[in-house]
*Asks:* 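Following this message is one structure expressed as structure tokens.
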Amino acid sequence: MKKAVLLLAVVLGIQTAFCRTFTVGFDAGFPPYGYVENGEFKGFDLDLAREVARRNNWEIKLKPINWDAKDSELNSGMIDCIWNGFTINGRENSYTWSDPYVINEQVVMVKKNSTIKTLADLKGRKIAVQTDTPVQKALSPDGERQELGKTFAGLVVVPDYNNAVMQLESGSVDAVALDVGVAKTKLKTGEFRLLDEIVMSEMYGIGFRKGDTALRDTVQNTLLEMVADGTAAEISAEYFDGKNVMALGKLTFEKKGTGGQDDSTLSLKTVLLELGKGLLVSMAIFCLTLVFSLPLGLLVAFGRMSGNFLLRNVFRIFISVMRGTPLMLQLLVWFFGPYYLFGIQLSKLSFCGLDYRFIAVIIGFSFNYAAYFAEIYRAGIESIPRGQYEAASVLGYSPYQTFFRIILPQVVKRILPPVTNEVITLVKDTSLAFSLAVLEMFTIAKQIASASSSMMPFIVAGVFYYVFNFVVAGVMAAIEKKLSYYR
């Protein structure tokens, strides 16, 4: 019996050693390193990872991740490494790194007919960058290219490169600072060009959990074998126009990330100050949405209850579309629609000093919530007995007086609970403004958390949201109590 148990343990041990699952985390919108084409994951890094797994008899699992949450994915064990054009520079102490395998450049892309010729021409212009990328950090106030960044009219931080390119195409920004590999894939459209000067050079490596040197060494040694036998060069040629971009074996750096402190330090005071700025933006979105959506919802409700067949169905379709499609999608349509539908440059749509991206957020939120409020209003209005309208008519009230003096006060009392639910949901939905690069509270929390590899910004943001909702719920409860004068 003991021999059988021992044999089983040996077999399981062999299976664990030689049939492990190798989970690779990557950004699915980062060609040519990792992307989706015809429903399949493709890319230079992914093909390298597949070959490494094959040679080690591992089962590979390619997992697209939210780039802002990459540290949580790695540290929680959901992925084994981050392998997707992952920059070492500035993150040396945050991971256990492989040796650099690609030397990369961050470049600036502009429209083909742009007057921008050099980096100096970027003065007074808006530049888009992807969140938590080396070029964003380099151009920030404390980055290595801060002097260049200070000349910009604004550094617009977007969730992904596709969003950045769309903003450049629509005229919302004047240029995009991005990875040269990604830029070259966009140049194929013929609509853009690159500046000759680069913003910075950087080294790409594979990031593993701190202390996971065994896995790092196995992967790196396998890659070195692939470099030696020419396999890596063949994979590179497929994605880089026949060129071999592999630098592994040519460069080394002092391996860190096996202990010690992170490069970035984070204080509660800093987090509170930064999130406080975002909270003001979230409150502005919240308040302006209510100011516009509450009365607009009443108009939509009237249209929905209209006796006119055409008008009634127009508003019915409007409500169906607003409630049946994601709010984030609606925000993107409101923002990019003027350019892609009518050819209007978004830079011309600012109003009273407000950037159009903020205006688009308010429009999108207002129309979306107006649809929900309209159905709440309709339910409240139709819950009033018909006899009250008849009694008011007998007493000589006009339809206008009947509605605003008799019906509406009762409707307000009845709909307060569902309206409160929608208002509380609105507080949390303000975070969706990140899709248009509006720096509200949750977006800032994600940026700080990603840069510092800490959960503290999320915890603080959660407290802020809870307090915000607690105050809103308290105000709505006070209004409800005030109107409960017959109880």
Side-chain angles (χ1 to χ4, degrees), residues 66-69 125-133 136 139-141 149 152-177 271 273-293 326-340 345-369 425-451 457-458 460-461 464-465 468:
N66 182 333
W67 198 244
D68 289 327
R125 307 296 186 106
K126 290 182 180 179
I127 315 301
V129 293
Q130 184 182 10
T131 182
D132 191 38
T133 52
Q136 179 206 349
L139 295 171
S140 63
F152 300 161
L155 192 64
V156 180
V157 182
V158 297
D160 56 70
Y161 281 124
N162 288 329
N163 190 305
V165 174
M166 289 175 68
Q167 298 217 23
L168 173 61
E169 191 174 29
S170 62
S172 178
V173 298
D174 301 294
V176 178
V271 173
L273 288 174
E274 291 299 316
L275 291 185
K277 299 175 185 177
L279 178 61
L280 293 177
V281 177
S282 296
M283 291 178 65
I285 296 171
F286 172 81
C287 293
L288 289 173
T289 298
L290 289 183
V291 166
F292 292 114
S293 64
L327 176 54
M328 185 184 296
L329 176 61
Q330 293 171 28
L331 293 176
L332 292 173
V333 170
W334 282 111
F335 183 63
F336 291 112
Y339 173 76
Y340 288 104
Q345 290 290 314
L346 300 187
S347 57
K348 300 177 181 179
L349 294 179
S350 59
F351 178 74
C352 293
L354 289 175
D355 192 305
Y356 178 65
R357 72 185 68 253
F358 184 78
I359 296 174
V361 166
I362 301 304
I363 293 174
F365 271 87
S366 297
F367 275 87
N368 180 270
Y369 272 83
T425 300
L426 173 59
V427 173
K428 295 173 285 187
D429 276 354
T430 55
S431 62
L432 295 177
F434 87 93
S435 60
L436 300 188
V438 173
L439 295 179
E440 44 68 52
M441 183 168 59
F442 191 68
T443 300
I444 293 176
K446 289 197 297 182
Q447 291 179 2
I448 298 173
S450 182
F458 289 127
V460 175
F464 275 20
Y465 277 116
F468 195 169

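Everything numeric here is computed off the predicted structure, so don't read it as measured data.
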*Asks:* In the structure I gave you, are the side-chain heavy atoms of Phe335 and Ile359 within less than 4.5 Å of one another anywhere?
*Replies:*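 No. Closest side-chain heavy atoms not under 4.5 Å.
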
*Asks:* Might you work through the side chain to side chain contact (heavy atoms under 4.5 Å, CB included) test for Met328 and Phe434, ending with a clear yes or no?
*Replies:* CA-CA 9 Å; Met328 185 184 296; Phe434 87 93; 3.5 Å; yes

*Asks:* From Gln167 CD over to Asp174 CG, what is the distance, rounded to the nearest 0.5 angstrom?
*Replies:*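 Answer rounded to 0.5 Å: 11.5 Å.
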
*Asks:* Please report the shortest heavy-atom distance between Phe468 and Val427, naming the atom on each side.
*Replies:*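 Smallest heavy-atom distance, with atoms named: CD1-CG1, 3.7 Å.
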
*Asks:* For Leu331 and Leu432, which heavy atoms make the closest approach, and how far apart are they?
*Replies:*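 Shortest heavy-atom separation between Leu331 and Leu432 comes out as CD1-O, 3.6 Å.
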
*Asks:* Testing the basics here: between Leu346 and Pro338, what is the closest heavy-atom pair and its distance to 0.1 Å?
*Replies:*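 Looks like CD2-CB, 4.1 Å.
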
*Asks:* For a quick test of reading the model, state the closest non-hydrogen atom pair linking Ser366 to Ser293 and the distance between them.
*Replies:*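 Closest heavy-atom pair between Ser366 and Ser293: O-CB, 3.4 Å.
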
*Asks:* Would you mind reporting whether Val281 and Leu439 have side-chain heavy atoms less than 4.5 Å apart?
*Replies:*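 With C-beta onward as the side chain, the pair stays apart.
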
*Asks:* Run the numbers on Glu440 and Val361 for side chain to side chain contact (heavy atoms under 4.5 Å, CB included), then give the verdict.
*Replies:* CA-CA 11 Å; Glu440 44 68 52; Val361 166; over 6 Å; no

*Asks:* Is the shortest side-chain heavy-atom distance between Phe458 and Lys446 below 4.5 Å?
*Replies:*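 A side-chain contact under 4.5 Å exists here.
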
*Asks:* Hey, does Ser431 have a side-chain heavy atom less than 4.5 Å from the side chain of Thr443?
*Replies:*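 In short, these two side chains do not touch, never coming nearer than 4.5 Å.
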
*Asks:* Does Met283, at its CE atom, have more than 12 non-hydrogen atoms belonging to other residues, nucleotides or ligands within less than 6.0 Å?
*Replies:*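 No - once you tally the heavy atoms of other residues, nucleotides and ligands closer than 6.0 Å, there are 12 at most.
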
*Asks:* Before you tell me yes or no, could you show the steps for Val173 and Arg357 under side chain to side chain contact (heavy atoms under 4.5 Å, CB included), namely the whole-Å CA-CA distance, both residues' side-chain angles and the distance that decides it to 0.1 Å?
*Replies:* CA-CA 11 Å; Val173 298; Arg357 72 185 68 253; 4.1 Å; yes

*Asks:* Could you go through the side chain to side chain contact (heavy atoms under 4.5 Å, CB included) check for Phe365 and Leu288 one step at a time?
*Replies:* CA-CA 9 Å; Phe365 271 87; Leu288 289 173; over 6 Å; no

*Asks:* With a 4.5 Å limit on heavy-atom distance, are the side chains of Val156 and Val129 in contact?
*Replies:*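 Answer no - side chains too far apart.
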
*Asks:* Do Thr131 and Val158 have side-chain heavy atoms sitting under 4.5 Å apart?
*Replies:*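 The answer is no; the side chains never approach within 4.5 Å.
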
*Asks:* Roughly how far apart are Gln136 CD and Ile127 CD1, rounded to 0.5 Å?
*Replies:*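 The CD atom of Gln136 sits 13.5 Å away from the CD1 atom of Ile127.
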
*Asks:* How close do Glu169 and Tyr340 get, counting heavy atoms only, and between which atoms?
*Replies:*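 Where Glu169 meets Tyr340 most closely, the heavy atoms are OE1-OH, 2.5 Å.
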
*Asks:* Between the main-chain N or O of Ser435 and the side-chain N or O of Asn163, is there a donor-acceptor pair closer than 3.5 Å?
*Replies:*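 Yes: the side chain of Asn163 pairs with the backbone of Ser435.
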
*Asks:* Within the side chain of Thr133, is there an N or O that forms a donor-acceptor pair under 3.5 Å with the backbone of Gln130?
*Replies:*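 Confirmed, Thr133 side chain pairs with Gln130 backbone.
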
*Asks:* What distance separates Leu327 CG from Asn368 CG, expressed to the nearest 0.5 Å?
*Replies:*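 Answer for the CG-CG pair, Leu327 versus Asn368, is 4.5 Å.
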
*Asks:* Check whether Tyr356 reaches the backbone of Ser172 with its side chain - one donor and one acceptor, N or O, closer than 3.5 Å.
*Replies:*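 The answer is no, because no donor-acceptor pair under 3.5 Å joins these two groups.
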
*Asks:* Check whether Tyr369 reaches the backbone of Leu426 with its side chain - one donor and one acceptor, N or O, closer than 3.5 Å.
*Replies:*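 Such a contact is found between Tyr369 side chain and Leu426 backbone.
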
*Asks:* Might you point out which heavy atoms bring Gly276 and Phe464 nearest each other, and give the distance in Å?
*Replies:*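 Looking at all heavy atoms of both residues, the shortest contact is N-CE2, 4.1 Å.
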
*Asks:* To the nearest 0.5 Å, what is the distance between CG (Leu279) and CZ (Phe442)?
*Replies:*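 Here the rounded value is 14.5 Å.
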
*Asks:* Which distance, rounded to the nearest 0.5 Å, do you find between the CG of Leu273 and the CD1 of Ile444?
*Replies:*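 Spacing of CG (Leu273) from CD1 (Ile444) equals 11.5 Å.
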
*Asks:* Are the side chains of Tyr339 and Gln345 in touch, meaning some heavy atoms are under 4.5 Å apart?
*Replies:*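 Of all side-chain heavy-atom pairs linking Gln345 with Tyr339, at least one is under 4.5 Å.
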
*Asks:* Working to the nearest 0.5 Å, report the span between CD1 of Ile285 and CG of Leu290.
*Replies:*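 So the CD1 of Ile285 and the CG of Leu290 are separated by 12.0 Å.
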
*Asks:* Output yes when a side-chain donor or acceptor of Ser282 lies under 3.5 Å from a complementary backbone atom of Met441, and no otherwise.
*Replies:*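 Flag set: sc Ser282 to bb Met441 pair under 3.5 Å.
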
*Asks:* Are Trp334 and Phe367 side-chain neighbours, meaning at least one heavy-atom pair lies under 4.5 Å?
*Replies:*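 When only atoms from C-beta onward are counted, Phe367 and Trp334 do touch, with a gap below 4.5 Å.
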
